[in-house]
Amino acid sequence: MSTHELFATRASRMKASEIRELLKLLDQPGIISFAGGIPDPVLFPAEGFSDAFQAALGPEQQAQALQYSVSEGYVPLREWLVDHMRSIGVECGLGNILITSGSQQALDYLGKLYLSPGDTALVGWPTYLGALAAFNAYEPRFDRLTINSNRGAEGYAAAAGEGAVKFAYLSPDFANPTGETVDLQGREALLDLADELNCAIIEDGAYQALRYNGDAIPPVLALEQARKGSIEDCRTIYCGSFSKTLSPGLRVGWVVAATPVISQLVLLKQAADLHSATINQMAINQVARACFGTHIPMLRRVYGARRDAMLQALQDYMPTGVQWTKPEGGMFIWLTLPVGTNGADLLARALETVKVAFVPGGAFFPDGSGTNTIRLSFSNSDEETIREGIRRLGEVLRA
């Protein structure tokens, strides 16, 4: 018997990430890529990080920067996050915050913590591909989370069968992949549903800071705290990340939740990697304190202009029958193509004929549906490139 025959049953549910594979296209010459939902590296606060790493490796901090650390995370960074969460409406303390290696690690931990084989996770249709990958390893069933609908708790419970509904996962602000935002009524309705189902809510706030127009809506966790008074009584778990704002390469994210949830996640982290890289946390802390308040407005101006450029180009170049979302922030626009158009086939043609890349939408659906959809990211291309890429894509669609 070969060793691969000894793999656990969950291994059969693990699939290669289409997005990670598509990122390899960025290295090919001449490709206009709307594929990876990645920040523009030109906008990184590189000088700030250079200073931060020099300070961390200086004589006063190097022993701490290069040493093992506590699993919960670097205390000064968690103190900054207490203030940051307060600024968006969430009151919490150090004991409510865990630093993770990106928010992707948090999703994996939460899947491990909540899901037994056969349990149900409620997700969007479509939803973030990385969340599906993180949860899928723990052998759940996926059911469609439909907010602001007539579907009540009884319908979800009946569909779950013998496995319990353990959590609802969503990115309420400028979601990946659709760019859509859940309105205030929908967030309140979700809290009602979670209370009825007695399930958790996983709130992915990766894009929360990147709003370009419209009024900010309080996080789901803030709304629940307003209802219940204390974070210790809340079922919502907020996952944040510095990847879209300061640096994805340092892999620093965080979780905010009631103390019992954080305590369990700490145990999972101790078993997985002991703690996130101390020097990276120290660098993020210094840069966040130095420039977060000025850096975010700059990102909003630049990315907002790129979103506007893509929306205008879509209006100018897309053929009849193509529809798209109009996000108020984030990094993505979601296209629905005429019925019968296959996004994966379109990608192959676009790469071959006009050198334009994007992500076919089917990967974002738990059941593989949505083949006539695609995701476009506008964050890593300038406005002129965006317009040219959409022009080329329109040519392929017309053909």
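We count residues from 1, following the sequence as given.
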**Q** With under 30° as parallel and over 60° as perpendicular, where do the rings of Phe142 and Phe135 fit, or are they tilted in between?
**A**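 Tilted: the ring planes of Phe142 and Phe135 meet at 30° to 60°.
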
**Q** Kindly compute the distance separating CG (Leu110) from CD (Gln105), expressed to the nearest 0.5 Å.
**A**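 Going from the CG atom of Leu110 to the CD atom of Gln105 covers 10.5 Å.
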
**Q** Work out which heavy atom in Arg187 is nearest to a heavy atom in Pro219; give both atom names and the distance.
**A** NH1-CA, 4.0 Å

**Q** When you look at Thr245 and Phe292, which way does the side-chain contact (heavy atoms from CB on, under 4.5 Å) test go after all the steps?
**A** CA-CA 8 Å; Thr245 54; Phe292 197 83; 3.9 Å; yes

**Q** Indicate, with yes or no, if the rings of His275 and Tyr74 have centres closer together than 6.0 Å.
**A**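 Distance test on ring centres: not under 6.0 Å, no.
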
**Q** For residues Asp345 and Asn342, report the shortest heavy-atom separation together with the two atoms involved.
**A** N-OD1, 3.0 Å

**Q** Is the closest basic N to carboxylate O distance between Arg78 and Asp83 below 4.0 Å?
**A**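 Salt bridge absent between Arg78 and Asp83.
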
**Q** Which heavy atom in Ser276 sits nearest to a heavy atom in Gln281, and how many Å separate them?
**A**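 Minimum heavy-atom separation between Ser276 and Gln281: O-NE2, 2.9 Å.
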
**Q** Look up atom CZ in Phe365 and atom CG in Leu132, then write down how far apart they are to the nearest 0.5 Å.
**A**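 That separation rounds to 10.5 Å.
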
**Q** Taking it one step at a time, do Glu91 and Arg86 satisfy salt bridge (charged side-chain N to carboxylate O under 4.0 Å, His left out)?
**A** CA-CA 5 Å; Glu91 292 289 340; Arg86 181 180 297 116; 3.2 Å; yes

**Q** Aromatic contact between Trp125 and Phe364, with the criterion being ring centroids under 6.0 Å apart: yes or no?
**A**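 Between Trp125 and Phe364, the centre distance exceeds or equals 6.0 Å.
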
**Q** For a 4.5 angstrom cut-off between non-hydrogen side-chain atoms, does Thr336 reach Ile374?
**A**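 Side-chain contact under 4.5 Å: no.
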
**Q** Regarding Gln312 and Asp316, is there a side-chain donor-to-acceptor distance under 3.5 Å anywhere?
**A** yes

**Q** What distance do Asp204 atom CG and Gln104 atom CD have between them, rounded to the nearest 0.5 Å?
**A**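 Going from the CG atom of Asp204 to the CD atom of Gln104 covers 9.0 Å.
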
**Q** In this structure, are over 12 heavy atoms from other groups packed under 6.0 Å from Asp215 atom CG?
**A**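 Not buried by this count: 12 neighbours or fewer within 6.0 Å.
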
**Q** Strictly below 4.0 Å, N to O, side chains only: are Asp143 and Arg151 in salt-bridge contact?
**A** yes

**Q** With side-chain contact (heavy atoms from CB on, under 4.5 Å) as the test, would you mind laying out the steps for Leu57 and Ile279 before giving the verdict?
**A** CA-CA 8 Å; Leu57 293 173; Ile279 192 171; 3.7 Å; yes

**Q** Could you check if a side-chain atom of Leu210 sits within less than 4.5 angstrom of a side-chain atom of Lys244, using non-hydrogen atoms only?
**A** yes

**Q** Heavy atoms, side chains only, cut-off 4.5 Å: are Val354 and Ile32 in contact?
**A**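 A side-chain contact is absent here, since even the closest heavy-atom pair is not under 4.5 Å.
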
**Q** Quick one: do Asp233 and Arg227 satisfy salt bridge (charged side-chain N to carboxylate O under 4.0 Å, His left out)? Show the steps, please.
**A** CA-CA 10 Å; Asp233 298 320; Arg227 289 185 178 194; over 6 Å; no

**Q** For a quick test of reading the model, state the closest non-hydrogen atom pair linking Ile262 to Ala257 and the distance between them.
**A** CG1-O, 3.7 Å

**Q** Taking the inter-plane angle between the rings of Phe174 and Tyr212 on a 0 to 90° scale, is it parallel (under 30°), tilted (30 to 60°) or perpendicular (over 60°)?
**A**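 Parallel.
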
**Q** Give a yes-or-no answer on whether the side chains of Tyr128 and Ser103 include a donor-acceptor pair shorter than 3.5 Å.
**A**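 Result is no, nothing qualifies.
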
**Q** Please lay out, stage by stage, how Ser243 and Arg251 fare under the test side chain to side chain donor-acceptor pair (under 3.5 Å).
**A** CA-CA 7 Å; Ser243 293; Arg251 310 307 303 130; 3.0 Å; yes

**Q** In terms of side-chain heavy atoms, does Arg307 have a donor or acceptor partner in Asn213 at a distance below 3.5 Å?
**A**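 There is such a pair (donor and acceptor under 3.5 Å, judged by atom type) between the side chains of Arg307 and Asn213.
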
**Q** Please give me the minimum heavy-atom distance between Leu170 and Ile147, naming the atom from each residue.
**A** CD1-CD1, 3.8 Å

**Q** Using the rule side-chain contact (heavy atoms from CB on, under 4.5 Å), only one of Leu397, Thr371, Asn372 pairs with Leu346; which is it?
**A**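 By the side-chain contact (heavy atoms from CB on, under 4.5 Å) criterion, Leu346 pairs with just one of Leu397, Thr371, Asn372: Leu397.
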
**Q** Give me the ring orientation class for Phe49 and Phe53: parallel if the planes are under 30° apart, tilted from 30 to 60°, perpendicular past 60°.
**A** tilted

**Q** Looking at Lys269 and Glu72, is there a salt bridge between them, counting it only when a charged N and a carboxylate O are closer than 4.0 Å?
**A**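 Salt bridge between Glu72 and Lys269, a charged N being under 4.0 Å from a carboxylate O: no.
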
**Q** Drop me the distance from Leu113's CG to Phe167's CZ, to the nearest 0.5 angstrom.
**A** 9.5 Å

**Q** So, Glu180 and Thr325: side-chain donor and acceptor under 3.5 Å apart, yes or no?
**A** no

**Q** First locate atom CG of Leu81, then atom CD1 of Ile99, and finally report the distance between them rounded to the nearest 0.5 Å.
**A** 5.0 Å

**Q** Could you pull out the closest heavy-atom pair between Ala189 and Asn148, with the gap in Å?
**A**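 Scanning both residues completely, I find the closest heavy atoms to be CB-OD1, 4.3 Å.
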
**Q** What's the spacing between Arg387 CZ and Glu384 CD if we round to 0.5 Å?
**A**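 Rounded to the nearest 0.5 Å, the CZ-CD separation comes to 10.5 Å.
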
**Q** Do the side chains of Thr373 and Leu337 get nearer than 4.5 Å, heavy atoms only?
**A** no

**Q** Could you check whether Gln64 and Thr278, counting side-chain N and O atoms only, form a donor-acceptor pair closer than 3.5 Å?
**A** no

**Q** Quiz question: by atom type and distance under 3.5 Å, do the side chains of Tyr317 and Glu388 form a donor-acceptor pair?
**A**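 Side chains of Tyr317 and Glu388: no pair found under 3.5 Å.
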
**Q** So that I can tick it off, tell me whether Asp195 and Lys228 are bridged by a salt bridge, with the cut-off set at under 4.0 angstrom between side-chain N and carboxylate O.
**A**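 Answer for the salt bridge query: yes.
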
